[in-house]
Amino acid sequence: MISRTLVYGLVVILCLLGTSSTTARGEDWPQWRGPRGNSISNDRGFLEKWNAQSGVLWRTELPEWGDSSPVVCGEAIFVTSQKDDELLLIKLDKKTGQIQWTQTVGRGTVNRIPLAAKSPQQRKSQNFHASQNLASPTPATDGKTVAVHFGNGETAAYDFAGHQLWHHNFQEDYGAYTVWWGHANSPALFKGMLISACMQDSLAGVSETLSPSYLVAHDLTTGKEIWKTSRMTGAKAEENDAYTTAAFVERDGQWQMLVMGGNTLDAYDPLTGKQLWYLPGVTGGRTVGGPTIAEDMVYVVQGKKGPLLAVKLGGKGEKPRTDIVWREEQGTPDSCCLLASDKWLFALNDDGIAKCFDRANGQLQWKERLKGDYKASPILADARLYCVNTKGICTVLTAGPQFEKLSENAMEEEMLASPAASDGRLYFRGRKSLICVGK
C-alpha cells in the first residue's frame, strides 16, 4: 500500500509544483477517483452539514452539460462539458469559482435510440443513453498538463494557460466506437503516461471485421503513443462493453494495472502493456464500476448488478477460481464504484441501498436505504462517506461498522457526476453548475 500511495503522491507533488501559492494546503484531486484512484481523500476539515445559506462558498454556472467529475490541482479546477456540438474544457479558479478560460477541444453530436436490445445494424455504431453525452470522461492532470477525453474519441492535452499541446481522435486512429450506450471511459495517469481504455462490442457474428477493444498509453506531454495492447476477451455483444478506468498497485517490485470488463478481470504491466494475469468467467454483462484495490485484494462487481467479488491480487497467467475469497450476490451496485477503507468495504447501489462489509471475509455489518437514486460514486473524506443522489441530495454517513447518518444536504440540482474533495472543500458538479462546499 505504501508504494501505491507513493506513485499517486507524485501526481499530488507535481500539482503542488504547478502552482505559485506558498501557503500550506492539503492534497489535490487530480483525476477520476482522486489522488490514489480509490475515491478517498486524506485531508481533514470537510463540512458535515450545509445548506444554501451556510457552507456553499460559491456556485458557478457551467455551459450545459456533462457528467464528468471536476479535478482539482493547485489553484485550478478543470471540468469538461458539451454545449450543443462544442466539446469544452473549462478552467476555474479554486478560491472563487470564476471561469478563467474555456477551450473548444473538438465538436461532436450524439445519436440516441430507445433503450432496448440493439439490432445487428444498430450494433455497428454507438448510441448514447439519455443520462449522458460526450462529456462523461473525467480529465486528468499532473500539475503542468491537463488531458481530456470525450465520448467521440477526441483526446487532447493543454498546459495550464490553455495552450493545446497535442490532439488525437481515437476513432480515427484505432477504429469506430461500438459501445452500445456511449463511450465514457476516463483516462488514468501513470508515470508521465495517459492510459486509456476502450472496451466494446466486438461485432462478432454481425460483421466480417471485428471491432477492437484495447488499452493504449500516450506520453502526457507530447501525445506520442508508447504502447497499445489488444484486449479481446471473447465476450458477446453488450457484455464486452465497459465504462471503467484502470487502477494501479505495486507488489513485489512489479507494477500491476488492473482492468475490469468484458467478463474478465485482468492485470497488465503499465510500463509495457503486457498482460500479467487474468481471471476469466466474471460473467454478468456490461460493466460500469471499476476495480477497487485495498492491500492485497481487489474488489469488483460483475456487470449488470452481478455478484460482488473479493479477489486476491497477483499471480501469472490464468488465476484459479480459489483466488475469489468471498462474494456477495444480492443488491450489488451497477453504476457506483465500491469504496474500501482500512477494514471496511462500502457498496451503494443505484436504488440507494448502502451496505458495509468486513473487507477480509465479506461479513455484512449494516444495510440501509438512503434517499433517492444514485449514479455518482461515493467518496470518503474525514472519516465520512459522501453519497450524492441524482436529485442533488448529499447524504453524509460515518465510515464505520455501525450505521450513522450525519446529515442530508440538498443542492437542488440534478447530479450524476461523482464529487471531488480537496483541501477541506467538496466540489459537486451538477447539470447546470459547479458547487463548492467548505468552511
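The figures that follow rest on heavy atoms only: side chains count, while hydrogens, waters and symmetry mates do not.
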K.L.:
Could you list the residues that satisfy side chain to side chain contact (heavy atoms under 4.5 Å, CB included) with Thr233, not counting sequence neighbours?
P.N.:
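Testing Thr233 for side chain to side chain contact (heavy atoms under 4.5 Å, CB included), a comparison that skips the adjacent residues, returns Arg231, Ala235, Asn240, Thr264.
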
K.L.:
Side-chain donor-acceptor pair under 3.5 Å between Arg359 and Tyr299, yes or no?
P.N.:
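Short answer, yes.
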
K.L.:
Could you tell me whether a side-chain N or O of Asp358 sits under 3.5 Å from a main-chain N or O of Gly362, the two making a donor and an acceptor?
P.N.:
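Between the backbone of Gly362 and the side chain of Asp358 there is no qualifying donor-acceptor contact (under 3.5 Å).
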
K.L.:
Can you confirm whether Glu61 is buried at CD, in the sense that more than 12 heavy atoms of other residues, nucleotides or ligands lie under 6.0 Å from that atom?
P.N.:
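Counting neighbours around CD of Glu61, 12 or fewer heavy atoms of other residues, nucleotides or ligands fall under 6.0 Å, so no.
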
K.L.:
Do Ile435 and Val56 have side-chain heavy atoms sitting under 4.5 Å apart?
P.N.:
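When only atoms from C-beta onward are counted, Val56 and Ile435 do touch, with a gap below 4.5 Å.
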
K.L.:
Taking NZ, NE, NH1 and NH2 as the nitrogens, is one of them in Arg251 or Asp296 under 4.0 Å from a carboxylate oxygen of the other?
P.N.:
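A salt bridge links Arg251 with Asp296.
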
K.L.:
Strictly by modelled atom types, are Asp350 and Ser335 linked by a side-chain donor-acceptor pair under 3.5 Å?
P.N.:
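Side chains of Asp350 and Ser335: pair found under 3.5 Å.
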
K.L.:
Counting N and O atoms only, with roles assigned by atom type, does the side chain of Gln103 sit under 3.5 Å from a partner on the main chain of Gly162, one being a donor and the other an acceptor?
P.N.:
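The answer is yes, because a donor-acceptor pair under 3.5 Å joins these two groups.
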
K.L.:
Flag the pair Glu48 and Arg384 as a salt bridge only when some basic side-chain nitrogen lies within less than 4.0 angstrom of an acidic carboxylate oxygen.
P.N.:
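Arg384 and Glu48: salt-bridged.
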
K.L.:
Hey, can you tell me if Trp58 and Tyr427 have their rings parallel, tilted or perpendicular (30° and 60° cut-offs)?
P.N.:
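Aromatic pair Trp58/Tyr427 classed tilted.
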
K.L.:
Among residues at least two apart in sequence or on other chains, which ones pass side chain to side chain contact (heavy atoms under 4.5 Å, CB included) with Leu364?
P.N.:
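Lys355, Phe357, Lys367.
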
K.L.:
Tell me yes or no: between the side chains of Thr96 and Asp93, is some donor less than 3.5 Å from an acceptor?
P.N.:
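Judged by distance alone, the side chains do pair up.
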
K.L.:
Please answer whether the main-chain N or O of Gly400 pairs with a side-chain N or O of Thr398 as donor and acceptor at a distance below 3.5 Å.
P.N.:
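Side chain of Thr398 to backbone of Gly400, a donor-acceptor pair under 3.5 Å: no, none is there.
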
K.L.:
Can Glu64 and Lys432 be said to form a salt bridge (charged side-chain N to carboxylate O under 4.0 Å, His left out), step by step?
P.N.:
CA-CA 6 Å; Glu64 295 185 44; Lys432 297 180 181 295; 3.3 Å; yes

K.L.:
Just so I know, are the side chains of Ile293 and Leu313 near enough to count as touching, which here means a heavy-atom distance under 4.5 Å?
P.N.:
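Yes, close enough: below the 4.5 Å cut-off.
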
K.L.:
Tell me whether the NZ or CZ atom of Lys316 lies within the 45° cone about the ring axis of Trp277 and under 6.0 Å from its centre.
P.N.:
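No - Lys316 does not lie over the ring of Trp277 by the 6.0 Å and 45° rule.
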
K.L.:
Which residues satisfy the side chain to side chain contact (heavy atoms under 4.5 Å, CB included) test with Lys49, sequence neighbours excluded?
P.N.:
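Partners of Lys49 by the side chain to side chain contact (heavy atoms under 4.5 Å, CB included) criterion, ordered by chain and then number, come out as Ser407, Asn409.
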
K.L.:
Count the heavy atoms belonging to other residues, nucleotides or ligands that lie under 6.0 Å from CD of Gln330, then report whether that count exceeds 12.
P.N.:
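No, not enclosed.
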
K.L.:
Could you grab the distance from atom CG of Leu220 to atom NZ of Lys191, nearest 0.5 Å is fine?
P.N.:
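So the gap between those two atoms works out to 14.5 Å.
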
K.L.:
Please tell me if the side chains of Ile195 and Met257 come closer than 4.5 Å, counting only heavy atoms from C-beta onward.
P.N.:
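Yes - at least one pair of side-chain heavy atoms lies under 4.5 Å apart.
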
K.L.:
Does CD belonging to Glu412 count more than 12 external heavy atoms closer than 6.0 Å?
P.N.:
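Open.
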
K.L.:
Could you walk me through whether Tyr268 and Tyr278 pass the ring-ring contact (aromatic ring centres under 6.0 Å, His included) test, one step at a time?
P.N.:
CA-CA 9 Å; Tyr268 299 80; Tyr278 64 100; 9.8 Å; no

K.L.:
Show the numbers, then the answer: is there a ring-ring contact (aromatic ring centres under 6.0 Å, His included) between His167 and Tyr158?
P.N.:
CA-CA 9 Å; His167 169 268; Tyr158 292 78; 9.1 Å; no

K.L.:
Looking at Asp351, is its backbone amide N or carbonyl O close enough to the side chain of Arg369 to form a donor-acceptor pair, meaning the two atoms are under 3.5 Å apart?
P.N.:
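Looks like yes, one N/O pair under 3.5 Å.
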
K.L.:
Do Phe346 and Ser341 touch side chain to side chain, with heavy atoms closer than 4.5 Å?
P.N.:
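Phe346 vs Ser341: side chains touch.
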
K.L.:
Would you please classify the geometry between the His218 ring and the Phe170 ring as parallel, tilted or perpendicular, with 30° and 60° separating the classes?
P.N.:
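Rings of Phe170 and His218: parallel, under 30°.
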
K.L.:
Under 3.5 Å, side-chain donor or acceptor atoms of residues 300-308 against the rest of the protein: list the pairs with distances, not counting sequence neighbours.
P.N.:
from, atom 1, to, atom 2, distance (Å)
Gln302, NE2, Thr283, O, 2.4
Lys304, NZ, Glu238, OE1, 3.4

K.L.:
Donor-acceptor pair, Asn185 side chain versus Thr244 backbone, under 3.5 Å?
P.N.:
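Side chain of Asn185 to backbone of Thr244: a pair is present.
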
K.L.:
Quick check: does any side chain N or O of Arg431 sit under 3.5 Å from a backbone N or O of Gly66, one acting as donor and the other as acceptor?
P.N.:
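Between the backbone of Gly66 and the side chain of Arg431 there is no qualifying donor-acceptor contact (under 3.5 Å).
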
K.L.:
Does any donor atom in the side chain of Ser69 or Arg429 lie under 3.5 Å from an acceptor atom in the other side chain?
P.N.:
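There is no such pair (donor and acceptor under 3.5 Å, judged by atom type) between the side chains of Ser69 and Arg429.
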
K.L.:
Are any of the side-chain heavy atoms of Leu426 and Trp50 separated by less than 4.5 Å?
P.N.:
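Yes, close enough: below the 4.5 Å cut-off.
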
K.L.:
If we check side chain to side chain donor-acceptor pair (under 3.5 Å) with Arg286, which of these qualifies: Asp241, Asp334, Asp201?
P.N.:
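Option passing the side chain to side chain donor-acceptor pair (under 3.5 Å) with Arg286: Asp334.
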
K.L.:
Let me see the working for Glu408 and Lys371 under salt bridge (charged side-chain N to carboxylate O under 4.0 Å, His left out), right down to the final yes or no.
P.N.:
CA-CA 9 Å; Glu408 288 180 352; Lys371 181 180 293 185; 3.1 Å; yes

K.L.:
Mind checking whether Thr145 and Asp159 have side chains closer than 4.5 Å, heavy atoms only?
P.N.:
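They are not in contact (no side-chain heavy atoms under 4.5 Å apart), so the answer is no.
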
K.L.:
Given side-chain hydrogen bond (donor to acceptor under 3.5 Å, both in side chains), test Ser68 with Thr80 step by step and report yes or no.
P.N.:
CA-CA 6 Å; Ser68 61; Thr80 61; 2.7 Å; yes

K.L.:
State the NZ-SG distance between Lys95 and Cys436, to the nearest 0.5 angstrom.
P.N.:
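Here the rounded value is 12.5 Å.
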
K.L.:
Among all residues two or more places apart in sequence or in another chain, which pass the side chain to side chain contact (heavy atoms under 4.5 Å, CB included) test with Ser186?
P.N.:
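For Ser186, the residues satisfying side chain to side chain contact (heavy atoms under 4.5 Å, CB included) (neighbours in sequence not counted) are Trp32, Pro137, Thr138, Thr245.
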
K.L.:
Are side-chain N/O atoms of Asp266 and Gln275 paired as donor and acceptor at under 3.5 Å?
P.N.:
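The answer is yes; a qualifying pair exists.
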
K.L.:
Is the count of non-hydrogen atoms from other residues, nucleotides or ligands lying under 6.0 Å from Gln164 atom CD greater than 12?
P.N.:
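More than 12 within 6.0 Å, yes.
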
K.L.:
Tell me, do Phe150 and Thr155 make a side-chain contact under 4.5 Å, heavy atoms counted?
P.N.:
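Answer no - side chains too far apart.
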
K.L.:
Using modelled atom types and a 3.5 Å cut-off, is there a donor and acceptor pairing between side-chain atoms of Glu404 and backbone atoms of Leu406?
P.N.:
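It does not hold such a pair.
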
K.L.:
Nearest 0.5 angstrom please: Arg59 CZ to Ser433 OG, how far?
P.N.:
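Rounded to the nearest 0.5 Å, the CZ-OG separation comes out at 4.0 Å.
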
K.L.:
Could you go step by step and tell me if Trp255 and Phe190 meet the ring-ring contact (aromatic ring centres under 6.0 Å, His included) rule?
P.N.:
CA-CA 10 Å; Trp255 280 103; Phe190 182 82; 5.2 Å; yes

K.L.:
Checking Asp269 side chain against Gly273 main chain: does a donor-acceptor pair fall under 3.5 Å?
P.N.:
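A pair under 3.5 Å: no.
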
K.L.:
Output yes when a side-chain donor or acceptor of Asp382 lies under 3.5 Å from a complementary backbone atom of Phe46, and no otherwise.
P.N.:
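A pair under 3.5 Å: yes.
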
K.L.:
Sub-3.5 Å donor-acceptor pair from the side chain of Glu27 to the main-chain atoms of Asn42, do we have one?
P.N.:
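Present.
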
K.L.:
Go through the structure and list residues passing ring pair (Phe, Tyr, Trp, His ring centres under 6.0 Å) with Trp166, not counting sequence neighbours.
P.N.:
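Ring pair (Phe, Tyr, Trp, His ring centres under 6.0 Å) check on Trp166 returns His168.
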
K.L.:
If you take all heavy atoms of Val146 and Pro139, which pair is closest and at what distance?
P.N.:
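So the two residues come closest at CG2-CB, 4.2 Å.
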
K.L.:
Could you go step by step and tell me if His183 and Phe128 meet the ring-ring contact (aromatic ring centres under 6.0 Å, His included) rule?
P.N.:
CA-CA 8 Å; His183 181 82; Phe128 280 75; 8.9 Å; no

